[in-house]
Amino acid sequence: MIDRKMLIGSDWVDAKSGQRHENTNPATGEVTCTVPLAGTEDIDLAVEAAQKAYDGAWGQMHPSERGGLMYKLADVIDSRTEELARIESADMGKPYTQSLGDIPLTADFFRYYAGLADKIEGEKLVTPTDTFGYTLREPFGVTAAIVPWNFPIAMAGIKGGPALAAGNCVIIKPASASPCTALEVGRMALEAGFPPGVVQVVTGSGGVIGSHLAGHPGVGKVSFTGSTEVGRKILQSSVNNLAKVTLELGGKTANVVLPDADMDMAVAAAARTIFLNCGQICTAGSRLLLHESIKDEFLGKLKALAEGLKVGDPFDEDTKLGPISSKQQYDTVLSYIETGKGEGASVLTGGGLPDSPDLANGFYVEPTVFTDVSPDMRIAQEEIFGPVLAVLPFKDLDEAVQIANATEYGLAAALWTRDLTAAHRVAARLQAGIIWINCTNIFGPWMPYGGYKVSGLGFEAGMEGVKEFTRIKTVLIDTSDTATPWASE
Ligand code: NAP
Ligand code: MG
């Protein structure tokens, strides 16, 4: 078992208290490593180191040089793809074949933003006569990235990319269930040549160090991804420092299939969007809305597909669903399955644990589909964050839109149809930050997104994502040689 350290400044350190957190492999239930359980005093040191870096070499560096370091970091990440994917899968349980895709995605985020580093510009203002004014888009200095466990390394790129491109330092706080690859990003940033303190990674409990970071007077911007419940706590912490906060939160994505859709494509996508990453994706299509005329045929195909998906060892290349990432989340998913049964929904497939004795110690759940679901049931309203699908029938477009919009979430929605008019009409009416038409879960650094309703605040990715890591300063010059008159003159 390895005792890992965390990165503060250029040093790999233990928590000042000496306390450690045990990290589990969810496929086996075994403790694979320990990480420092940082306290608030450790966070204070990280903020200090970041401010020092910002006041020094990093703050003075030309943006194109900054971009150059980010390109190097992307190359280092790519050069370690297999190793990082192995660490990720052992840490959070996603199939190795999927982790292999997350590593280049992370590099892509750093690369995309590397190219933007020297293109973040202010504007010339149209000002009164004899004045000249412009805006500067400036970094905040010290920023914090507090991230969940479903895409641990990708989150470092999603948030680290725009933070660094804009000229900030970033302190990454990975989730306790999956801290390992974020620590590697810290190591690779030093290897790529970033000055100490620019990228730091601190490990510990969110309730202690996450909230301390979010409200720290030295932190100017907090970028959070996680549950809506914790997102609200982040906002409460930021009352302290009035930091700019962006929140990417929970979802209950409606995947709506109209009768004219290509059924086989839509069935495959319906399974992929809820079973990929074991349903632990914020935009997972956890509600499947089927037109009543196609429902039976669609569900017959979906059931057959779901029952053919291999649940098992993340390192077996046939595995489609690994374990749930933590014991806590496993218990949550199982309790939602019981809730669904108790609410009167029918189990079309799954609904329990896989019966293989090889999987008995891991946090495995069968891919589960509930039918006879009504829109007000908890399994149709609340984010489960597991491989559990709720199927809801509709009779016409109005009803589909009404059901799709009838949750407090508004992260994403998907629509399947060949009818262009219906597609645009429905897209305009769906209350969600992303609308996928004839696809689901396509995503990349080029695509800005942000949740509607309680799914978020602000934006991530694309040009919008980098703007969120800047603040605007206005500069106004009087170009006349006369004093500004008083109002009475
Ligand atoms: P979570 O429980 O909200 O935790 C997210 C992060 O916040 C973790 O690092 C956690 O640390 C930390 N944290 C916990 N309490 C905190 C507090 N009081 N103050 C500051 N930080 C705190 O989320 P999760 O269970 O890891 O991830 C699942 C959630 O993320 C789902 O709701 C999912 O929809 C959402 N998500 C959203 C997006 C999006 O883009 N919208 C993407 C992915 C996931 P510990 O791990 O130490 O508790
Ligand atoms: Mg783990």
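Atoms considered below: every heavy atom in the structure, side chains included; atoms not considered: hydrogens, waters and symmetry mates.
The shortest heavy-atom contact between Leu305 and Ala268 is CD1-CA, 3.9 Å. In this structure, Phe315 and Ser89 approach most closely via the heavy-atom pair CZ-CB, 3.6 Å. Between Ala404 and Leu289, the shortest heavy-atom distance links the atoms N-CD2, 3.8 Å. Closest approach of Phe109 to Gly444, counting heavy atoms only: CZ-C, 3.9 Å. Shown here for Leu348 and Lys303, the closest heavy-atom pair between the two residues is O-NZ, 3.4 Å. Minimum heavy-atom separation, Ala266 to Val257: CB-CG1, 4.1 Å.
Considering Ile274, Ile379, Thr339, Leu389 in turn, Ile379 is the only one that fulfils the side chain to side chain contact (heavy atoms under 4.5 Å, CB included) rule with Ile384.
Remark: Glu307 CD is packed, more than 12 non-hydrogen atoms of other residues, nucleotides or ligands lying under 6.0 Å away. By the 6.0 Å contact criterion, CD on Gln328 is open, its count of non-hydrogen atoms from other residues, nucleotides or ligands being 12 or less.
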- Are Val202 and Ile172 close enough, and set up right, to give a side-chain contact (heavy atoms from CB on, under 4.5 Å), and what steps lead you there? CA-CA 6 Å; Val202 290; Ile172 303 172; over 6 Å; no

- Query: Yes or no on side-chain hydrogen bond (donor to acceptor under 3.5 Å, both in side chains) for Gln381 and Thr407, after CA distance, side-chain angles and deciding distance?
  - Reply: CA-CA 6 Å; Gln381 287 293 326; Thr407 78; 5.1 Å; no

- Task: Report the C-alpha separation of Lys301 and Asp296 in whole Å, then their side-chain angles, then the decisive distance to 0.1 Å, and conclude whether the salt bridge (charged side-chain N to carboxylate O under 4.0 Å, His left out) test is met.
- Result: CA-CA 9 Å; Lys301 290 179 181 229; Asp296 292 344; over 6 Å; no

- Check the pair Tyr96, Thr319 against side-chain contact (heavy atoms from CB on, under 4.5 Å), reporting the backbone distance first and the verdict last. CA-CA 9 Å; Tyr96 176 67; Thr319 291; over 6 Å; no

- Can Arg111 and Asp75 be said to form a salt bridge (charged side-chain N to carboxylate O under 4.0 Å, His left out), step by step? CA-CA 9 Å; Arg111 238 175 238 124; Asp75 290 344; 3.0 Å; yes

- Decide side-chain contact (heavy atoms from CB on, under 4.5 Å) for Thr203 and Leu37; before the verdict, give the C-alpha distance in whole Å, the side-chain angles of both, and the deciding distance to 0.1 Å. CA-CA 6 Å; Thr203 53; Leu37 189 67; over 6 Å; no

- Message: Could you go through Phe224 and Val147, starting from their C-alpha distance and side-chain angles, then the distance that decides it, and tell me whether this counts as side-chain contact (heavy atoms from CB on, under 4.5 Å)?
- Response: CA-CA 6 Å; Phe224 172 79; Val147 302; over 6 Å; no

- Item | Chi angles and distances behind the side-chain hydrogen bond (donor to acceptor under 3.5 Å, both in side chains) call for Asn25, Asp91 | CA-CA 5 Å; Asn25 177 344; Asp91 200 0; over 6 Å; no

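Side-chain atoms of Ser237 and Ser211 form no donor-acceptor pair, as typed in the model, at a separation below 3.5 Å. Side-chain N/O atoms of Thr273 and Asn441 include a donor and acceptor closer than 3.5 Å. Side chains of Asp419 and Thr417: no donor on one and acceptor on the other come within 3.5 Å. In the model, Trp416 has a side-chain atom that pairs as donor or acceptor with a side-chain atom of Asn255 under 3.5 Å. For the residue pair Glu382 and Tyr336, a side-chain donor N or O sits within less than 3.5 Å of a side-chain acceptor on the partner. Side-chain N/O atoms of Lys244 and Thr143 include no donor and acceptor closer than 3.5 Å. There is a side-chain donor-acceptor pair under 3.5 Å between Thr181 and Glu88. Under the 3.5 Å distance criterion, with hydrogens and angles disregarded, no donor-acceptor pair is assigned to the side chains of Glu468 and Thr246. Side-chain N/O atoms of Asp118 and Ser64 include no donor and acceptor closer than 3.5 Å.
Separation of the Phe443 and Tyr449 ring centroids falls under the 6.0 Å cut-off.
Under the 4.0 Å criterion applied to side-chain N and carboxylate O atoms, Lys252 and Glu408 are not assigned as salt-bridge partners. Salt bridge status for Glu184 with Arg4: present, with a side-chain N to carboxylate O gap under 4.0 Å. A salt bridge links Asp102 to Lys94: one of the charged nitrogens lies within less than 4.0 Å of a carboxylate oxygen. Under a 4.0 Å N-O distance rule, the pair Lys295/Glu292 does not qualify as a salt bridge.
A cation-pi arrangement, defined by a distance under 6.0 Å to the six-membered ring centre and an angle within 45 degrees of its axis, is present between Lys221 and Phe469.
Aromatic ring orientation, Phe385 versus Trp149: perpendicular (interplanar angle above 60°, classes split at 30° and 60°).
At least one side-chain heavy atom of Met188 sits less than 4.5 Å from a side-chain heavy atom of Arg80.
A donor-acceptor contact shorter than 3.5 Å is absent between the side chain of His21 and the backbone of Thr34.
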